[in-house]
Q: 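This is the structure I have questions about; it appears just below.
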Amino acid sequence: MSVLGTDALHVIDVTTTAAVDALARDILDPGREHAVVCATLPTWSSEPLIDLAGLRGALPSDAHLYLMATGDRSWELTDLLPPRLDVYGGAIRIWWPFGEEVADPSAHPLFFVHRTGESAEVIRKVTAAFGRGGAPADAPEPGTELGGVVTRVLGAGAELTLAGGYRAFAHRSHLTELAGLDPDQVVRLGQGVRVRVGDGTAQTGRIQASLLPFEPDGWARLTEQYREGMVVEGLVDGLRNFGAFVEIFPGITGLVPSRSISHEWVSHAEDFLEVGERIAVQIIRLTPAEERIELSIVDVPEGAEPERPASIYPEGPPWLPPMRKTPPPEAEPEPEPEQEAEEMASAGEAEAEALERAITDGRELQGQVGALFAGAERRIEELRAEAAHVRRILERDLVEARLRVLEFADTETKALAGSAEAALAGARRELDDLRERLAAAEQDRLKLVERLQLERGRARDEGRRTERLTKELRAERARGDRLENTDVERDPGTHFVAEVRASWKRQTTAADRERYPWLDPVLGPAFLGSLDRVEGIGRDRVVEACAHVVSGRAADIPGAIVHARTTAPEFSCAGFTHSRIWGVTRNPWNPDFAVGGSSGGSGAALASGTATLASGSDIGGSIRIPAAYNGVVGFKPPYGRVPQEAPFNLDVYCHCGPMARTVADCALFENALAGPHPHDHASLRPKLELPARPEPAAGLRWRCRSTSATGRSTPTWPRPRWPPPRRCARRASRWTRSTYTCRATPSSRRAQSTSGSCSRPGWRRPRPSTASS
């Protein structure tokens with residue numbers, strides 16, 4: 001075959017130095033996953049002795065096939081490759097992927113072709129080396145989970161031997177999901193692993209495998225190997241103002257606070273540490289539930305040896321390689337004693353000769369010691385080589401032992417499979433019996449289905465009948481509604497009655513309708529006209545009240561009849577009651593005096609006798625001031641006692657309360673107002689009922705103290721009297737703003753005292769009410 005036809009066969013000709021360099025780079029590529037095959041021309045022939053077409057057909061499609069003549073190009077390739085990894089004249093070489101490690105020449109097969117008749121035999125050997133062109137015929141199905149042993153660790157991944165003798169290869173991306181780790185940091189030679197078979201096979205005939213489905217959780221592996229108080233090694237991952245993050249397991253970092261970096265003051269962590277620096281730290285606190293780790297550098301005991309770094313998989317290598325110890329610095333040669341010799345020469349020839357002999361003896365002794373150290377170093381190197389050889393032997397023995405264990409497990413698995421087949425046969429017999437029973441049950445089911453269909457037919461007939469009756473009822477109701485709407489449109493009274501009836505239906509339940517049935521109301525001649533003249537009350541509230549009256553429910557609803565609205569100052573936030581709209585509100589006791597505010601209209605109505613009960617709102621005295629000015633009773637309830645509408649229920653200072661002419665009426669009104677309400681989430685529960693009659697004051701001692709706005713105090717009387725003494729009235733008339741506080745103390749229990757405020761007309765002189773004040 002002519003070499004000129006290699007392009008059609010996808011064969012790369014190596015005829016130049018650049019082509020040799022490209023071939024060497026392809027062979028030495030650490031990330032290579034394909035095989036490289038090179039066939040050579042003998043020196044005495046211009047054509048290859050092997051059938052290139054047959055060889056290309058025997059190789060996998062991803063394999064690279066080169067053709068090179070023996071001579072200068074082969075010698076150039078020899079210089080670029082490791083020892084004994086070159087190819088000879090008239091031979092074929094296969095280079096498997098070997099990563100960054102020094103390759104073993106015996107692992108890469110070399111086939112010699114002496115004449116053209118040996119072409120078919122050599123191609124057969126090459127095919128056998130590639131696993132007969134692919135995976136074995138009985139290779140496990142993709143997705144099968146098998147046990148295996150790591151037989152070789154490469155830069156591109158790891159070679160495995162699976163149960164059953166299958167050769168497999170796991171790429172570095174299928175060893176772990178953690179980034180930045182080399183294969184030798186994840187697995188090691190002789191390690192037992194569990195893998196999942198992947199789709200397809202490598203071009204070298206090895207099965208693709210993956211360890212990722214069985215990779216343990218990082219936090220679980222960390223807690224298995226580390227505990228609090230351990231000294232471990234880690235890499236500085238980041239520096240912050242508050243400390244440093246140290247990676248003690250791949251993907252898991254702990255925090256070293258600034259106070260734990262050094263005994264000195266640490267303002268910037270970068271002054272003490274560098275990113276990527278390998279340091280020893282102590283685990284202070286380990287909380288896997290919160291995924292937090294606290295570390296410390298200053299707490300590491302002096303001279304403490306760090307624990308072995310954790311491994312990704314059980315029995316795996318440490319994720320951090322061992323630290324290389326820096327050899328101690330060599331002793332500097334002693335300086336030549338030139339100056340000392342000159343000084344000795346001046347002292348005398350005898351002393352100089354003795355000194356020279358001592359120096360000569362010292363140099364001889366130094367040479368002997370150096371020779372001894374050199375011999376010791378050579379011996380150490382020999383021992384290291386022997387230890388490495390023993391280690392390789394032990395690793396090979398370990399691999400063979402694990403492979404024998406896998407073969408034994410495979411044999412046991414086959415035996416169990418035979419037992420399982422026998423059990424499966426018994427299960428099949430039981431299944432046939434169950435099928436017969438199922439056939440009988442199916443006959444019974446068919447009978448039940450027939451009966452069910454008959455019942456369903458009857459139910460459908462009843463449903464149709466019910467649906468027909470429902471449609472007739474709906475039509476009747478629609479006809480009644482049309483007639484009712486027609487009447488409503490014609491008569492406003494009928495329209496109002498319809499609104500009241502709708503409100504009655506909306507507010508009552510079925511039980512309420514039986515207790516409070518609907519009764520057709522009779523409307524007066526001026527009732528409808530009065531609805532248009534109502535101000536401040538919505539029509540829906542009027543309709544709601546009419547619905548209660550018509551059904552007789554109004555008698556059972558607690559409440560009061562509102563018959564008047566009193567005046568208040570603008571914004572209802574003042575101590576007087578007059579405005580530009582309603583003018584000045586006069587005091588019923590004396591029109592020259594004021595009524596206070598802001599609920600002054602309510603106080604005046606109570607004092608004049610036009611109302612029995614009144615309501616007010618108090619922030620800074622809007623109930624209490626009118627009560628004092630008008631001689632009535634006012635009560636500001638605590639926050640949450642009387643419910644209010646939002647957003648006024650959120651004000652902890654403004655409270656609505658009762659006003660009355662007597663204390664009993666005020667308590668009665670407070671009991672009607674107080675209590676929880678669904679519209680006010682701040683209303684207190686349960687409802688607090690005030691007693692209709694307060695407890696008697698017998699056994700209580702009273703004392704009264706008066707404090708003016710200027711801070712002056714009056715003498716304390718043993719018991720207040722009403723009306724007050726004349727001298728007290730005269731003194732009180734001279735004070736413009738005075739507050740009288742009465743304190744009642746039980747004679748038997750002084751610790752349980754109550755306090756309150758009381759005001760009476762005549763105790764203070766009210767200021768005249770004018771339009772300008």
Side-chain angles (χ1 to χ4, degrees), residues 33 97 99 131 135-202 204-226 249-252 288 308-320 394-420:
E33 298 183 9
D138 57 345
E141 295 292 332
T144 305
E145 298 177 359
L146 298 174
V149 179
V150 179
T151 56
R152 193 177 182 191
V153 181
L154 307 174
E159 293 183 355
L160 311 170
T161 299
L162 306 182
Y166 303 110
R167 294 172 57 241
F169 179 79
H171 190 260
R172 62 186 305 165
S173 61
H174 287 276
L175 295 178
T176 179
E177 293 183 351
L178 301 174
L181 296 179
D182 295 331
D184 57 355
Q185 296 178 265
V186 182
V187 295
R188 65 174 181 176
L189 186 65
Q191 179 182 350
V193 295
R194 190 160 186 81
V195 301
R196 178 177 293 175
V197 178
D199 296 334
T201 57
T204 58
R206 297 173 297 184
I207 301 173
Q208 295 182 2
S210 175
L211 279 69
L212 298 182
F214 307 98
E215 183 176 3
D217 178 67
W219 280 97
R221 290 292 298 162
L222 179 68
T223 54
E224 289 176 5
Q225 303 172 78
Y226 290 162
F249 193 83
I252 300 178
R308 179 179 181 271
S311 58
I312 309 300
Y313 291 92
E315 303 181 3
W319 76 279
L320 281 178
L394 292 177
E395 289 177 349
R396 185 172 62 253
D397 294 342
L398 178 62
V399 171
E400 293 178 357
R402 290 189 180 274
L403 290 177
R404 285 195 296 270
V405 171
L406 285 177
E407 292 176 359
F408 175 76
D410 186 52
T411 304
E412 292 295 327
T413 303
K414 292 180 180 179
L416 292 176
S419 302

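Index from 1, following the sequence. Atom set for the values below is all heavy atoms of this structure, side chains included, hydrogens, waters and symmetry mates excluded.
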Q: Under the side-chain contact (heavy atoms from CB on, under 4.5 Å) criterion, do Leu211 and Val187 qualify, and how do the steps go?
A: CA-CA 10 Å; Leu211 279 69; Val187 295; 4.1 Å; yes

Q: Would you name the heavy atoms of Ser210 and His174 that are closest together and state the gap between them?
A: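 Looking at all heavy atoms of both residues, the shortest contact is OG-ND1, 3.2 Å.
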
Q: So which atom in Arg308 and which in Pro318 form the shortest heavy-atom distance, rounded to 0.1 Å?
A: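 Looks like NH2-CD, 3.1 Å.
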
Q: Considering non-hydrogen atoms only, spot the tightest contact between Leu178 and Pro250 and give its length.
A: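 Leu178 and Pro250 have their closest heavy atoms at CD1-CB, 3.2 Å.
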
Q: Which heavy-atom pair separates Pro142 from Gly198 by the least distance, and what is that distance?
A: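 So the two residues come closest at CB-O, 3.7 Å.
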
Q: State which residues pass salt bridge (Lys or Arg N to Asp or Glu O under 4.0 Å) with Arg188; sequence neighbours excluded, sorted by chain then number.
A: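 By the salt bridge (Lys or Arg N to Asp or Glu O under 4.0 Å) rule, Arg188 matches no residue at all.
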
Q: Please tell me if the side chains of Leu146 and Leu160 come closer than 4.5 Å, counting only heavy atoms from C-beta onward.
A: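 The answer is no, as the side chains (C-beta and beyond) never meet within the 4.5 Å cut-off.
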
Q: What distance do Gln225 atom CD and Phe249 atom CZ have between them, rounded to the nearest 0.5 Å?
A: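 Rounded to the nearest 0.5 Å, the CD-CZ separation comes out at 6.5 Å.
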
Q: Residues in side-chain contact (heavy atoms from CB on, under 4.5 Å) with Glu159, at least two apart?
A: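 So Glu159 forms a side-chain contact (heavy atoms from CB on, under 4.5 Å) with Thr151, Arg152, Leu154, Phe169, Arg206.
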
Q: Please table the atom pairs, donor to acceptor, closer than 3.5 Å between any side-chain atom in residues 215-223 and protein atoms at least two apart or in another chain.
A:
unit_1, atom_1, unit_2, atom_2, d
Glu215, OE1, Glu177, N, 3.1
Glu215, OE2, Thr176, OG1, 2.6
Asp217, OD2, Trp219, N, 3.2
Asp217, OD2, Ala220, N, 3.1
Arg221, NE, Ser311, O, 3.3
Arg221, NE, Ile312, O, 3.4
Arg221, NH1, Glu224, OE1, 3.0
Arg221, NH2, Ser311, O, 3.3
Arg221, NH2, Ser311, OG, 2.8
Arg221, NH2, Tyr313, O, 3.4
Thr223, OG1, Trp219, O, 3.0
Thr223, OG1, Ala220, O, 3.0

Q: Would you mind reporting whether Arg196 and Leu212 have side-chain heavy atoms less than 4.5 Å apart?
A: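 A side-chain contact under 4.5 Å is absent here.
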
Q: Rounded to the nearest 0.5 Å, how far apart are CG of Asp184 and CZ of Arg172?
A: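 It comes to 9.0 Å.
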
